[in-house]
4 protein chains.
Amino acid sequence: MCAKKRDTRKIILDAALKLFSEKGFSATTTREIAYEARCAEGTIFRYFPTKKDILISLARPAALHGLKQVFEDLPETNDKTVLQSIIENRLKVISENMKLLKVIITEAQFHEEIRKEVYENIGAEILGALAGYIEKRIDKGIFRPLDSVIAARIFGGMFLSFLISKYMLPPEKFDEEDQKVYLQEIVNIFLHGIVKKEGDNT
Amino acid sequence: MCAKKRDTRKIILDAALKLFSEKGFSATTTREIAYEARCAEGTIFRYFPTKKDILISLARPAALHGLKQVFEDLPETNDKTVLQSIIENRLKVISENMKLLKVIITEAQFHEEIRKEVYENIGAEILGALAGYIEKRIDKGIFRPLDSVIAARIFGGMFLSFLISKYMLPPEKFDEEDQKVYLQEIVNIFLHGIVKKEGDNT
Amino acid sequence: MCAKKRDTRKIILDAALKLFSEKGFSATTTREIAYEARCAEGTIFRYFPTKKDILISLARPAALHGLKQVFEDLPETNDKTVLQSIIENRLKVISENMKLLKVIITEAQFHEEIRKEVYENIGAEILGALAGYIEKRIDKGIFRPLDSVIAARIFGGMFLSFLISKYMLPPEKFDEEDQKVYLQEIVNIFLHGIVKKEGDNT
Amino acid sequence: MCAKKRDTRKIILDAALKLFSEKGFSATTTREIAYEARCAEGTIFRYFPTKKDILISLARPAALHGLKQVFEDLPETNDKTVLQSIIENRLKVISENMKLLKVIITEAQFHEEIRKEVYENIGAEILGALAGYIEKRIDKGIFRPLDSVIAARIFGGMFLSFLISKYMLPPEKFDEEDQKVYLQEIVNIFLHGIVKKEGDNT
DNA sequence: GATGAATGAGGCTTCATTCAT
DNA sequence: CATGAATGAAGCCTCATTCAT
């Protein structure tokens, strides 16, 4: 009785995710969601009391789980190439969750509930993992001493700028080669910027 | 009876800007805009054929003009403290336009017209100015050779992470001191990451 | 649970027909139609994308079909009394569709779509049938040779003048007796006017 | 103080007439009338308390005067060619007033005030003149005895069918030649239909 | 559990009318 | 007299939500 039956709830969530990411939450109608999910409009309300509850469900820990992996369990080898290749791998996870990320980032501005979920998950846990990694490297004297949370956020911002370029620029303005160089430079700049240098006591 | 007759158009634009930035474009009603602008709903449509036209007017080059100066005419003294203080100064312009910036960034995702406006103003011109500055420093052998556009974007992302922290985090989690340190670290990491080092031939 | 579920579409069409014929298309509001149809305003738009689509649906061939029979299959006995009684009989069809006819004729002036529908139905087919009848009588030498289409239109005009008198004059100015005489004279004048006379070589 | 000043009232009436005849009364906005009359919207209301009053003013005796001429002062020569040529001449008056006629006929259905004006002017006077003419011919034994009012209305209907053909059919379907024949046949049918014949005692 | 017709509040927009200049 | 900005009621239409089947 477990796996087989068409999981309507999941289907509706997927449909909503697709549409929210394309048109935004307010501009998406329940009728469109029903059509995309190939179910009746009424069915949606058997699973979600309210349209807004669909949005909130998308920001639930379970849904965000995919995103958490991005900065989790970072190995402590700091060699430039290793870090870069890891980041490239993680990018796959991001790409798979891009639609969700877009919805979350956009709607978090306007909905307290989403914002809270984001802080407690992405904010605390995800960036926390990265900050933890940075902390350890500082302790080992490899990175210079700085606020690891701030450093993690800055790195997140660099990464974000990559995502913005990748997903909002027209493809001809940001090709495969650009992407590769971009990621290399993020790692370069960040590592060079954070690494401890002889005689540096800032 | 002197010059300043109540400029209704401007008042409506301001009201819309406030509400769009608080609730998003779709979630803001023309009735709310009218109420905020203290005019009749019908009056709005004497100045804007369509609700969407209010949004577009907000994103017009004229509106974005203020933001252009942020990275324009950067002095070529590269000393860390100078750069940092400059950036702090420019931040005032950003802060004054933050509401607009938020609306523009959010709605650019969903409206082709806005997106174009953004590319041609924020994208091309602003980041272009920063890229030009970086280019000159590379030529002088101060920065290591890298793609100046990518570097500019990365810096933009770092900056963006600051804005996100400043405007989305609850104030008690990001106080004046945090902000100062954050900006310092952006400059530190970026400069150290981009500067040419002895024996570096990456 | 049997067959006849409340046919909302038909009910809305009937309500619209009544109101359009009383107040005209533009002066009728969808709220009034909903009230007359005893349904919610929103319900109307489940069946018709647009108010104008209600009007167009009213003018669809299906709706005009009833009117086509008016001059169809006219027997070729030309005796005055026969023709007159026939016309009186057909009048029933007209009367039953008078509201529709009024709407169609009125709105055809302003809506291209309606006009086309009218030409292809009332114009071409109905008058065509009458013209065909006239043609046959000409061939038999009973009517004098003339343009049968024009003759049909002229007859239509005579008939129209009757309808105008019947439906626009206050009833006390156009009683049963008047109607009878009016129809007799239409037939008289038309037949005398169209019949071939000895020594007539117009 | 009499002739020279731009007669705003007349200009507004003309503008309204043009638009009412093109789009109908309800579908015409005061803004459009103001634009067509090259005056401010507010100016309209200095001359007409209400939009509807513009319409009513159009149906005033003074405005209808032109139309009255059509059947007035008919000479009593009944010769076919004379009558036909007269009608052709009168047609000029009709053409000049066609816009007004269209508005009057259309809106009379929906506005009591207009309807009354039409009865008392067009109905009584215009058709009355024609009926008087017919009466005289009957008295002289040239037309057979019949209800002259009905006969006048029937003739009016024939004429109306001509106007409908002329103003609603696409021009290529109703050329100059058609028009000439049409008018000839109206006269033919009417005269032959109404004339007294030997041995006719209907 | 699923459906989809029905609802009615409310959204965007229009428009006749008013009124200060 | 003329103007045209402002009004707000009302029009058309949308949409989240309900409910009988």
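FYI, side chains are in, hydrogens and waters are out, and symmetry mates aren't considered; it's all heavy atoms of this structure. Order of the sequence lines sets the chain letters (A, B, ...), proteins ahead of strands, with each chain counted from 1.
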Original post:
Rounded to whole angstrom units, what separation is found between the CZ atom of A/F45 and the C1' atom of E/dT7?
Top reply: 13 Å
Subject >> Side chain C/R115, main chain C/Q109, donor-acceptor under 3.5 Å >> reply: yes
**OP:** Side chain of D/K51 only, please: which of F/dA16, E/dA16, F/dG11 is the nearest?
**Re:** E/dA16
Original post:
Want to settle it: does C/G42 or D/G42 sit nearer the 5' end of DNA chain F, counting the closest nucleotide to each?
Top reply: D/G42
Original post:
Over how many whole Å does the gap from C/F25 atom CZ to F/dG11 atom P extend?
Top reply: 14 Å
Original post:
Counting side-chain heavy atoms from CB outward, which of F/dC12, E/dC15, F/dG4 is closest to D/A40?
Top reply: F/dG4
Original post:
Rounded to the nearest Å, what distance is computed from the CD1 atom of residue D/I12 to the C1' atom of nucleotide F/dA2?
Top reply: 10 Å
Subject >> Geometric cation-pi criterion D/K99 and D/F20, 6.0 Å radius, 45° cone >> reply: no
Subject >> N-O pairing of B/K18 and B/E22 below 4.0 Å >> reply: yes
Original post:
Is A/R46 near enough to E/dG1 that one of its side-chain N or O atoms lies under 4.0 angstrom from OP1 or OP2?
Top reply: yes
Original post:
Relative to the 5' end of DNA chain E, which residue comes earlier, D/P49 or A/E41, by the nucleotide with the nearest heavy atom?
Top reply: A/E41
Original post:
Does NZ or CZ of C/K52 lie under 6.0 Å from the centre of the six-membered ring of C/F25, at an angle within 45° of the ring axis?
Top reply: no
**OP:** Evaluate side-chain contact (heavy atoms from CB on, under 4.5 Å) for A/I11 paired with A/C39, printing each intermediate quantity in order.
**Re:** CA-CA 9 Å; A/I11 292 172; A/C39 73; over 6 Å; no
Subject >> Separation of A/L19 CG from A/T30 OG1 (nearest 0.5 Å) >> reply: 11.0 Å
**OP:** Provide, to the nearest angstrom, the distance between the CZ atom belonging to C/F48 and the P atom belonging to E/dA5.
**Re:** 14 Å
**OP:** Find the distance C/E32:CD to F/dC12:P and express it as a whole number of Å.
**Re:** 8 Å
**OP:** State whether A/T8 places a side-chain N or O below 4.0 Å from either non-bridging phosphate oxygen (OP1 or OP2) of E/dA2.
**Re:** yes
Subject >> Pair partner, E/dT3 [Watson-Crick or wobble, under 3.5 Å] >> reply: F/dA20
Original post:
Do any side-chain nitrogens or oxygens of D/T43 fall under 4.0 Å of OP1 or OP2 in F/dG4?
Top reply: no
**OP:** Could you tell me the separation between the CZ atom of C/R31 and the P atom of E/dG10, rounded to a whole number of Å?
**Re:** 14 Å
Original post:
Distance check: side-chain N/O of B/Y47 vs OP1/OP2 of F/dA5, anything under 4.0 Å?
Top reply: no
Original post:
Within the structure, does a side-chain N or O atom of B/T30 lie under 4.0 Å from either OP1 or OP2 of E/dG11?
Top reply: no
Original post:
Between E/dA16 atom P and D/I44 atom CD1, what is the distance in whole Å?
Top reply: 9 Å
Original post:
D/T50 side chain N/O closer than 4.0 Å to the phosphate oxygens (OP1, OP2) of E/dA16?
Top reply: no
Subject >> For atom CZ of D/R38 and atom P of F/dC1, their distance in whole Å >> reply: 21 Å
**OP:** Return the nucleotide paired to E/dC12: Watson-Crick means purine N1 to pyrimidine N3 with N6-O4 or O6-N4, wobble means G-U with N1-O2 and O6-N3, both under 3.5 Å.
**Re:** F/dG11
Original post:
How would you label the contact of B/T28 with the nucleic acid (heavy atoms, under 4.0 Å): base, sugar-phosphate, or nothing?
Top reply: sugar-phosphate
